[in-house]
Amino acid sequence: ETLDKGLEKSKTSFFGKLSKAVAGKSKVDDEVLDNLEEILVASDVGVNTTLKIIERIEARVAKDKYLGTDELNLILREEIAGLLSEIETGEETEFVTPSDKKPYVIMVVGVNGVGKTTTIGKLAYQFKKAGKSVVLGAADTFRAAAIDQLQIWADRAQVPIVKQSMGSDPASVAFDTLQSAVKQNADVVIIDTAGRLHNKVNLMNELTKVKRVMQKVVPDAPHEVLLILDGSTGQNAFEQAKQFTAATEVTALAVTKLDGTAKGGVVIGISDQFQIPVKYIGVGEGMEHLQVFNKFEFIDSFFK
Ligand code: GDP
């Protein structure tokens, strides 16, 4: 329900434009495809992914010359679902972590302001609700506010947090967090990291060091590197994905603020372009406003 409400704007925008583009036309012709291309790009699907979708639809049109515009919706849904399936995006339905990895270590990356702290807090809450024990690590030691904010979320979700003073070594905080988690026999560890993008080499070095030091405690950590992106920033989100994937191996994405954007297509484009699944979406500021990304629900909300 929240997703539907949250994506209301995307819905009217995408579906409304699509309906307009095919109005009065019975066949999918070049003009319809041109319009569709424009709408997809305007919905932040991104140029590469848009062209991929258009090509696939063209191939189907070539096979079936009389393809009607009434079938375009269905075909578009199929192609989008197909794209997301290729990288196993939106296959999960619950907040789960693999039980054979204990603690399951999630390293969270992303630039300031995208909703990193909020998403960590919401995740901690959800995992705890699912019966898991969670430990947070405040390894964004660059900003005092980051540590304070994470503490507030730890209190809200009622999970322990490991922190040091501002300016301390992030790798040291990560190390302490993992040690504490192992001692407590915790199920999930979520490590916040600093999101400074002004120097790619620094970012890469810092994240590499945090990883290396974590592996002294849990040899195959981190099990997940979760990049947080602000869904309302369109091209910026693509650019940040590019920078972070160049600096470290990102294994999953969380796209936030989809409640406030008319362009949810960023979810489709980013997961396709970077071949990384979107695992979570943020649909509001509250603790409950995080969802496990489900491709069918998402596509439904686009086309309803
Ligand atoms: P950080 O700097 O990346 O840690 O960002 P924060 O977690 O502090 O979030 C920045 C702002 O975005 C805060 O005002 C959050 O309440 C807001 N925010 C985070 N996620 C969402 C979301 O899914 N929807 C909306 N509307 N706001 C969000």
Side-chain angles (χ1 to χ4, degrees), residues 1-11 13 44 90 95 106-127 134 136-157 159 161 163 166 170 173-174 177 190-198 203 206-207 210 225-234 236-241 243-244 247-248 250 252-267 270-271 278-294 297-298 301:
E1 201 200 333
T2 323
L3 177 66
D4 270 0
K5 231 167 117 189
L7 292 175
E8 205 127 23
K9 274 197 200 157
S10 324
K11 205 162 46 185
S13 151
D44 274 345
F95 288 89
I106 305 170
M107 181 167 106
V108 181
V109 301
V111 303
N112 299 334
V114 294
K116 198 154 47 93
T117 317
T118 305
T119 304
I120 293 171
K122 291 169 176 175
L123 270 177
Y125 168 74
Q126 290 292 350
F127 286 133
V134 183
L136 301 184
D140 179 355
T141 59
F142 192 66
R143 297 178 299 164
I147 304 173
D148 296 345
Q149 278 301 112
L150 197 65
Q151 177 72 62
I152 291 170
W153 275 101
D155 294 343
R156 262 184 214 158
V159 300
I161 175 172
K163 59 182 185 179
M166 185 192 142
V173 177
T177 309
I190 311 175
I191 305 275
D192 190 15
T193 62
R196 282 167 295 152
L197 250 193
H198 57 76
L203 176 74
E206 182 167 316
L207 295 178
V210 169
V225 178
L226 182 66
L227 171 63
I228 316 293
L229 297 168
D230 179 340
S232 67
T233 61
N236 268 338
F238 277 83
E239 190 51 40
Q240 287 165 20
Q243 307 232 25
F244 274 93
T248 193
V250 175
L253 304 172
V255 182
T256 64
K257 309 187 194 181
L258 285 177
D259 49 310
T261 177
K263 302 176 164 192
V266 72
V267 166
I270 288 204
S271 50
V278 172
K279 247 182 134 165
Y280 306 107
I281 56 172
V283 292
E285 297 188 86
M287 194 134 78
E288 300 270 0
H289 293 146
L290 185 75
Q291 302 185 354
V292 174
F293 178 70
N294 175 286
E297 268 176 38
F298 179 78
S301 66

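Fair warning: this is a prediction, and the values are worked out from it, not measured in the lab. First listed ligand is number 1; within each ligand, the first listed atom is number 1. The chain is numbered in sequence order, starting from 1.
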Without swapping roles, check the side chain of Thr256 against the backbone of Leu229 for a donor-acceptor pair under 3.5 Å.
yes
Measure the shortest side-chain to side-chain distance between Ile270 and Val255 over non-hydrogen atoms and say whether it is less than 4.5 angstrom.
no
List ligand 1 atoms under 4.0 Å from Gly282, heavy atoms only on the residue side.
23 (O)
Nearest 0.5 angstrom please: Asp148 CG to Met166 CE, how far?
10.0 Å
Show which atoms of ligand 1 fall inside a sub-4.0 Å distance from at least one heavy-atom site of Val283.
23 (O)
Taking distance alone, with no angle check, do Asn112 and ligand 1 share an N/O pair under 3.5 Å?
no
Tell me which protein heavy atom sits closest to atom 2 (O) of ligand 1, plus the residue, atom name and distance to 0.1 Å.
Gly113 N, 2.6 Å
Please state which protein non-hydrogen atom is closest to atom 13 (C) of ligand 1 and give its distance, to 0.1 Å?
Glu285 OE1, 4.1 Å
Regarding ligand 1, does Gly284 bring an N or O atom to under 3.5 Å of one of the ligand's N or O atoms?
yes
Could you establish whether Gly110 and ligand 1 come within less than 4.0 Å of each other, counting only heavy atoms on the residue side?
no
If you scan protein heavy atoms around atom 26 (N) of ligand 1, the nearest is Asp259 OD2, 2.7 Å
Looking at atom 4 (O) of ligand 1, what's its closest protein heavy atom, distance included?
Thr117 OG1, 2.5 Å
For atom 5 (O) of ligand 1, closest protein heavy-atom neighbour
Gly115 N, 3.1 Å
Among Lys257, Gln149, Lys122, Arg143, whose heavy atom sits nearest atom 18 (N) of ligand 1?
Lys257
Sub-4.0 Å heavy-atom approach of Val111 to ligand 1:
yes
For Lys116 and Thr193, indicate whether the former's side chain and the latter's backbone hold a donor-acceptor pair under 3.5 Å.
yes
Identify all side-chain donor-acceptor contacts of residues 149-156 below 3.5 Å with residues at least two apart in sequence or on another chain.
unit_1: Gln151; atom_1: OE1; unit_2: Lys163; atom_2: NZ; d: 2.7
unit_1: Gln151; atom_1: NE2; unit_2: Asp155; atom_2: OD1; d: 3.0

Side chain to side chain, Phe127 and Ile106, heavy atoms closer than 4.5 Å:
yes
Go through the side-chain N and O atoms of Tyr280 and Gln126 and say whether any donor and acceptor fall under 3.5 Å apart.
no
Under 4.0 Å from ligand 1, counting heavy atoms only, is it the side chain of Ile228, its backbone, both or neither?
neither
Minimal heavy-atom distance between Val114 and Ile228, with the atoms involved, is CG2-O, 3.6 Å
Considering non-hydrogen atoms only, spot the tightest contact between Ala124 and Ile190 and give its length.
N-CD1, 4.0 Å
To which of Asp192, Asp140, Thr118 does the heavy atom nearest atom 6 (P) of ligand 1 belong?
Thr118
For Gly234 and Asp44, which heavy atoms make the closest approach, and how far apart are they?
CA-OD2, 3.1 Å
Which heavy atom of the protein is the closest neighbour of atom 3 (O) of ligand 1, given with residue, atom name and distance?
Lys116 N, 2.7 Å
